[in-house]
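For reference, the structure discussed in these notes is given below.
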Amino acid sequence: MADDFTAPSPGFDHAFDAIIEWQAPVTVGAIATGGRRIYRPIKGGSIEGWGFSGTFLGGGETLLERADGVIDVEASYYIAFANGAAARCFGKGYITRGDRFSGLRLALLFEAAEDGPAAELATRAFMAEQAQGSRLMQIARIT
Amino acid sequence: MQLEFAMEFRLSLGRRIHIELAEGYTRGAVLIEEGTFSGPNIRGTVVRKSGGDFPMVRADGSGRFESQYLLETDDGAFILKRSTGIRHAPPDVVERLLAQQPVDPQSYYMRMTPRFEAPAGPHDWLNRTLFVGVGQRNPAGSIFRYWKVV
């Protein structure tokens, strides 16, 4: 590769630990465009880190079980922080089973009021990981 | 989570269109003329005029990126690439970026998370892998490097 690329290499900086509690899933079933559609609504949960403490108010994950065994995940979580700010955390990812990792990984962004105490969250990109069988979702800021 | 280098893209850009949606909110369209990509076990070209980047840019220069275009690998596979990303930079840096002046890539935050749809076969690992990307604008076009999350 040419050496004219001077942008910084990315990395991960741990930002949040989250535990989400779920309501019963809604199974739509096999759909015409392929796969099996399921929705998991949030019941509650907590998120801590990067100077924030909050609870999950709602939202959920829309899943598509694909023919190749991978599950597509579209996440949209609504969070109330203890400092009074509200935010939406959203993104896409996969649930996979493999030799090196089994579980959920999500690429995430935040939406928050620009004049509020959570505004900084909307200026960065994040990556989340939840190992199969674990309730803990670890969310890292992409540096 | 760790990152492993996956591929580099070199793109030449074509027409730029700006749609003023509202005061301070612009939808851009940066059409890709052509490009190449390469990484361990994958190499190919961007299908000419198959898409571009369509960023939502704010008056302060912060932005969200949404790109979509087609790839063709050297072994004949077509792959759809979609990417979302975010840019945040100090106002003076944004001013130079928008004026297409040289800017130190270390002076702003720009990250993207591309996704791929590849046919079953040697490249189908792309369909179950998340990536983190970094971009750099050069006078001749854009360079992106992507790392896979492992």
Side-chain angles (χ1 to χ4, degrees), chain A residues 1-15 34-35 64 66-74 90-111 114 119-131 137-143, chain B residues 1-5 7-10 37-39 58 60 62-65 82-89 102-115 117-120 124-140 142-150:
Chain A
M1 289 184 294
D3 59 358
D4 57 347
F5 191 82
T6 57
S9 295
F12 293 128
D13 184 19
H14 180 260
L64 182 69
R66 301 184 337 206
D68 64 358
V70 175
I71 301 175
D72 282 346
V73 181
E74 296 180 20
F90 63 101
K92 295 181 179 180
Y94 305 113
I95 297 173
T96 58
R97 292 187 178 200
D99 295 335
R100 299 176 76 174
F101 176 76
S102 292
L104 167 67
R105 282 182 173 143
L106 285 168
L108 294 172
L109 295 173
F110 282 87
E111 290 175 342
E114 290 182 290
E120 186 182 5
L121 298 180
T123 68
R124 295 293 182 268
F126 297 82
M127 189 69 65
E129 180 178 271
Q130 184 176 8
M137 176 184 287
Q138 295 183 300
I139 303 174
R141 182 172 60 93
I142 300 172
T143 61
Chain B
M1 290 182 291
Q2 293 182 315
L3 294 169
E4 287 181 2
F5 175 73
M7 61 190 92
E8 177 182 282
F9 281 71
R10 288 180 177 260
F37 63 95
S38 63
R58 298 285 310 280
D60 65 2
S62 62
R64 294 281 173 90
F65 302 98
R82 294 189 175 110
S83 184
T84 57
I86 190 168
R87 181 179 72 198
H88 189 74
V103 172
D104 178 0
Q106 307 272 355
S107 65
Y108 57 95
Y109 182 85
M110 187 167 84
R111 301 288 184 272
M112 59 282 303
T113 52
R115 293 157 55 88
E117 288 183 28
D124 62 8
W125 61 277
L126 294 165
N127 298 335
R128 54 183 180 272
T129 305
L130 289 182
F131 298 83
V132 172
V134 173
Q136 176 178 315
R137 182 70 56 82
N138 284 353
S142 290
I143 308 171
F144 295 98
R145 283 187 182 172
Y146 299 128
W147 288 258
K148 58 183 177 181
V149 181
V150 297

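So that the names make sense, note that chain A is the first sequence line, chain B the second, and so on, each numbered from 1. Values in this document were obtained by computation on a predicted structure and should not be read as measured data.
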Looking at [options], which has the largest count of heavy-atom pairs under 4.5 Å with chain B?
options                        : value
A:G98, A:G91, A:A122           : A:A122
A:T6, A:V70, A:T96             : A:T6
A:P10, A:G69, A:S9             : A:P10
A:Q138, A:E129, A:R124, A:M127 : A:R124

Where is the tightest heavy-atom contact between [X] and [Y], given as atom of each residue plus distance?
X      : Y      : result
B:R128 : A:R66  : N-NH2, 4.5 Å
B:P105 : A:A7   : CB-CA, 3.5 Å
B:M1   : A:A140 : CE-CB, 4.0 Å

Atom group of [X] that falls short of 4.5 Å from chain A, counting heavy atoms:
X      : result
B:D104 : neither
B:T129 : backbone
B:Y108 : neither
B:R58  : side chain

Query raised in the report: Considering residues, nucleotides and ligands other than B:Q2, do more than 12 of their heavy atoms fall under 6.0 Å from its CD?
Result: no
Interface moiety of [X] toward chain B, non-hydrogen atoms closer than 4.5 Å:
X      : value
A:I95  : neither
A:E120 : neither
A:A128 : backbone
A:I142 : both

Query raised in the report: Does the pair A:F12 and B:L3 meet the rule for a side chain to side chain contact (heavy atoms under 4.5 Å, CB included), with working shown?
Result: CA-CA 9 Å; A:F12 293 128; B:L3 294 169; 3.6 Å; yes
Query raised in the report: Listed by chain and number, what are the ring pair (Phe, Tyr, Trp, His ring centres under 6.0 Å) partners of B:F9, not counting sequence neighbours?
Result: B:F37, B:Y146
Query raised in the report: Looking at B:L130, B:V132, B:T113, which one has more heavy-atom pairs under 4.5 Å with chain A than the rest?
Result: B:L130
Query raised in the report: Among B:M110, B:H88, B:M112, which residue forms the greatest number of heavy-atom pairs with chain A at distances under 4.5 Å?
Result: B:H88
Report task. Can you measure from OH (A:Y94) to CZ (B:R115) and round to the nearest 0.5 angstrom? Result -> 4.0 Å
Report summary line: Output for pair (B:R64 CZ, A:E111 CD), nearest 0.5 Å, gives 6.0 Å
Query raised in the report: Does any N or O in the side chain of A:R105 come within less than 3.5 Å of the main-chain N or O of B:V150, such that one atom is a donor and the other an acceptor?
Result: yes
Query raised in the report: Can A:F126 and B:I86 be said to form a side chain to side chain contact (heavy atoms under 4.5 Å, CB included), step by step?
Result: CA-CA 10 Å; A:F126 297 82; B:I86 190 168; over 6 Å; no
Query raised in the report: Which is it for A:D4 and B:I143 under the side chain to side chain contact (heavy atoms under 4.5 Å, CB included) test, yes or no, and what are the steps along the way?
Result: CA-CA 9 Å; A:D4 57 347; B:I143 308 171; 3.9 Å; yes
Requested in this report: Among residues two or more places apart or on two chains, list those pairs meeting salt bridge (Lys or Arg N to Asp or Glu O under 4.0 Å) that have a residue in residues 91-103 of chain A.
Outcome: A:R100-B:E4
